[in-house]
Amino acid sequence: MVRLDIMQTIAPRMQTATLPATPVPRSDSLDSVSLRPMDLILPMASTLLIQMVFLLWRPSLDGHEALVAQTAREMVRSGDFLHPSFAGEPRWQKPPLAYWQVAGISWIMGRISPKVARLPSLIGAVAMTALVVLLTRRFASPSSARTAGVIHSFLPWTLVFGTSAIVDMTLSLLVASCIVVATSKRITTRHRIIFAWSLAALSILAKGPIGPAVILGALVPYSCATTRRLVDRRSAQHHAVGLLVAFLVAGTWPLLVLLDDPSIARGWWEQSVGRFAEHWGEQTREWYYYFYQVPALVGPAFVLTVVGMIRSPHRMLLGWFGFTFFLLSFSEGKRDHYILPALLPCSVWAGLGWAYVSHRYRNPRWQKWVSMSISLVMLLATAASLKILPGQNDPMSPLQKMARRQRTAINQAPSIAQIGSNNHATAFILDRPMRWYPDIERCLATNPRVDLLLIMNRPSLTVPTTWRLIDQEASSDSKDSFRLYEQVRPRTSDHAAKH
């Protein structure tokens, strides 16, 4: 009887000890096991180090980046942060948060340069790494969450757009922060709702209504999958306060601008509702554009992402990624950075895929080789991304050389006209009021008294004899050529003698 009692006591323990551990624990909150400081510091430090290398490596601003940097420069110079302008012309096409963040950084640094203009995106990339760790911790162990953050720092979309002056990384950060805050159980209901509404309003100031659309695409499936509802009787009052705060955050700037010039409302309508309606017409790129663009942006972690998606098909992550992917796939305008707000779930799935693969090979030797192989692939992907970047082959380098030689003439010219390719980066390099024209005839008909004429990428274009060539520059491969002309004006004495 004594032996039987001992066996009845030991047998369940032995059976429990032989059961495999679950690699991906399911949880909807951060309350199960808290993260250690190193679980956040290590991935964030990895992202910061890699982004600093990329920041030093990248060349001058491209056209999209120059639109943000030059507008911020003119804001700081004029002291007017309500009325953005680019190259001396009003710019109302985009919300102002992109200009404000670059202007704030440049004011702190005391100057604006390509590296300074890209600092907000770098800060956003580091903060996104922390969100990846926090969100992955809801579905996996702290080590898997830490690994997901490190993987995220090596992904191509983090490497490239984390050092870009465009606002999409900031938009992704605001969207992800809003979703993480709205689904957190560590924050009180009142603060959670007000913070979420405020972040959604800031996403509107970043890039219009796309931010709230992505947020709803993630929160609606989450609300359907859990017992928590987005709005109920107990939280209705908090939502009313949050909506008021969101209106103050997102609506103050438009109201102040409309009080000065009500005609701006028409331009906003064309840039928001009008462009959205046109985007559902004939597409400039194929509808499956993001089917191959997303794997390219995720890079070598795409296999881990697919594994994590299959092993942990959480409705919030699927709604977050799937809704944005579907919305943008059937829109007319498609660019690789448009899909950025939907890519944070891919980083989470990559961490979950790593957790499954590492648990699959329980042998320590196999785990060591699998970890080393995946790490080597990540390092090779980083090296390949560095190789792909233009580096020293900067297409705007010839114009920069010419601008340094002719800085006196450029600074003294009241007006500059640009003929040829519409590269907005020239405005940041020349830093003067200028306008773009498709040809010389239209330029002279519109502005006959223009002082300087910049010809870009038109080597065979003939210029009238009333213009004198003062400088020219071409790249080594002859793809980019720049010619600078000044208008030859008759002397005042000669003109008076003729009359």
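H238 places a side-chain heavy atom less than 4.5 Å from the side chain of T189. Residues L135 and L317 form a side-chain contact, since some pair of their non-hydrogen atoms from C-beta on lies under 4.5 Å apart. Counting heavy atoms from C-beta outward, R315 and Y222 have side chains that stay 4.5 Å or more apart. Contact check for V76 versus I112: no side-chain heavy atoms found under the 4.5 Å cut-off. Between S121 and F161 the shortest side-chain heavy-atom distance does not fall below 4.5 Å. Side chains of L205 and P96 form a contact here, defined as non-hydrogen atoms less than 4.5 Å apart. The closest side-chain heavy-atom distance from I151 to W354 is below 4.5 Å. Between R91 and Y99, some side-chain heavy-atom pair lies under the 4.5 Å cut-off.
No hydrogens or angles considered: a donor-acceptor pair under 3.5 Å links the side chains of S141 and S144. No hydrogens or angles considered: a donor-acceptor pair under 3.5 Å links the side chains of W197 and H239. Looking at T183 and R138, their side chains do bring a donor and an acceptor atom within 3.5 Å of each other. Inspection of the H191 and T188 side chains reveals an N or O donor paired with an N or O acceptor under 3.5 Å. A side-chain donor from one of E286 and Y292 sits under 3.5 Å from a side-chain acceptor of the other.
Scanning all heavy atoms of the two residues, the minimum distance from G353 to V307 falls at CA-CG1, 4.0 Å. Across L340 and W157, no two heavy atoms sit closer than the pair CG-CE3, 3.8 Å. In plain terms, the two heavy atoms of S153 and I50 that are nearest each other are O-CD1, 3.8 Å. Contact detail for V150 and F154: the closest heavy-atom pair is O-CD1, 3.1 Å. When all heavy atoms are compared, the tightest approach of P212 to A200 is CG-O, 4.1 Å. T163 and L159 get closest at one heavy-atom pair: OG1-O, 3.2 Å.
Rounding to the nearest 0.5 Å places CG of L352 at 9.5 Å from OG1 of T305. Rounded to the nearest 0.5 Å, atoms CZ (F321) and SG (C346) are 4.5 Å apart. Atom CG of L173 and atom CG of L131 lie 6.0 Å apart (nearest 0.5 Å). Residue T426 holds its OG1 atom at 6.5 Å from CG of L399, rounded to the nearest 0.5 Å. Rounded to the nearest 0.5 angstrom, M169 CE and L174 CG are separated by 12.0 Å. Atom CH2 in W253 sits 14.0 Å away from atom CZ in F81 (nearest 0.5 Å).
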Criterion side-chain contact (heavy atoms from CB on, under 4.5 Å) on L304 and W349, from CA distance to verdict: CA-CA 7 Å; L304 292 176; W349 281 323; over 6 Å; no
Verdict with supporting geometry, L119 and Q101, side-chain contact (heavy atoms from CB on, under 4.5 Å): CA-CA 9 Å; L119 281 179; Q101 64 178 5; over 6 Å; no
Worked verdict on M309 versus L318 for side-chain contact (heavy atoms from CB on, under 4.5 Å): CA-CA 8 Å; M309 184 187 301; L318 290 175; 4.1 Å; yes
Evaluation steps, side-chain contact (heavy atoms from CB on, under 4.5 Å), between V249 and V245: CA-CA 6 Å; V249 173; V245 173; 4.2 Å; yes
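Partners of W320 according to the ring-ring contact (aromatic ring centres under 6.0 Å, His included) rule, which considers only residues two or more places apart in sequence or in another chain, do not exist here. By the side chain to side chain contact (heavy atoms under 4.5 Å, CB included) test, A165 is found to be paired with L61, E65, A117, R118, residues two or more places apart in sequence or in another chain being considered. Residues passing the ring-ring contact (aromatic ring centres under 6.0 Å, His included) test with Y290: none are found, sequence neighbours excluded. Residues satisfying the salt bridge (Lys or Arg N to Asp or Glu O under 4.0 Å) criterion with D336, sequence neighbours excluded, are absent altogether. Legend: residues meeting salt bridge (Lys or Arg N to Asp or Glu O under 4.0 Å) with R36, ordered by chain and number and at least two apart, are D39. Residues meeting the ring-ring contact (aromatic ring centres under 6.0 Å, His included) test with F86, sequence neighbours left out: H424. Residues satisfying the side-chain hydrogen bond (donor to acceptor under 3.5 Å, both in side chains) test with S198, not counting sequence neighbours, are none. Listed by chain and number, the residues in a ring-ring contact (aromatic ring centres under 6.0 Å, His included) with F291 are W287, F325 (sequence neighbours excluded). For Q51, there are no side-chain hydrogen bond (donor to acceptor under 3.5 Å, both in side chains) partners two or more places apart in sequence or in a different chain. Applying the side-chain hydrogen bond (donor to acceptor under 3.5 Å, both in side chains) rule to S347 yields the partners H152; only residues at least two apart in sequence or on another chain are considered. With sequence neighbours left out, T129 forms a side-chain hydrogen bond (donor to acceptor under 3.5 Å, both in side chains) with T47.
Counting only distance, with no hydrogens or angles, the side chain of T136 and the backbone of V133 share no donor-acceptor pair below 3.5 Å. Proximity of a side-chain donor or acceptor of K334 to a complementary backbone N or O of S329 within less than 3.5 Å is detected. Under a 3.5 Å cut-off, the side chain of R146 and the backbone N or O of G149 do not form any donor-acceptor pair. A donor-acceptor pair under 3.5 Å is formed between the side chain of T71 and the backbone N or O of L67. Not a single donor-acceptor pair under 3.5 Å links the side chain of Q400 to the backbone N or O of I429. No donor-acceptor distance shorter than 3.5 angstrom exists from the side chain of S184 to the backbone of V180, with no hydrogens or angles considered.
Geometric assessment of R73 against the ring of F428 yields a positive cation-pi assignment under the 6.0 Å and 45° thresholds.
Note on ring orientation: taking the six-membered ring where Trp is involved, the planes of F326 and F330 are tilted (angle from 30° to 60°).
Pairs passing the side-chain hydrogen bond (donor to acceptor under 3.5 Å, both in side chains) check and including a residue from residues 199-210, sequence neighbours excluded, read D168-K207.
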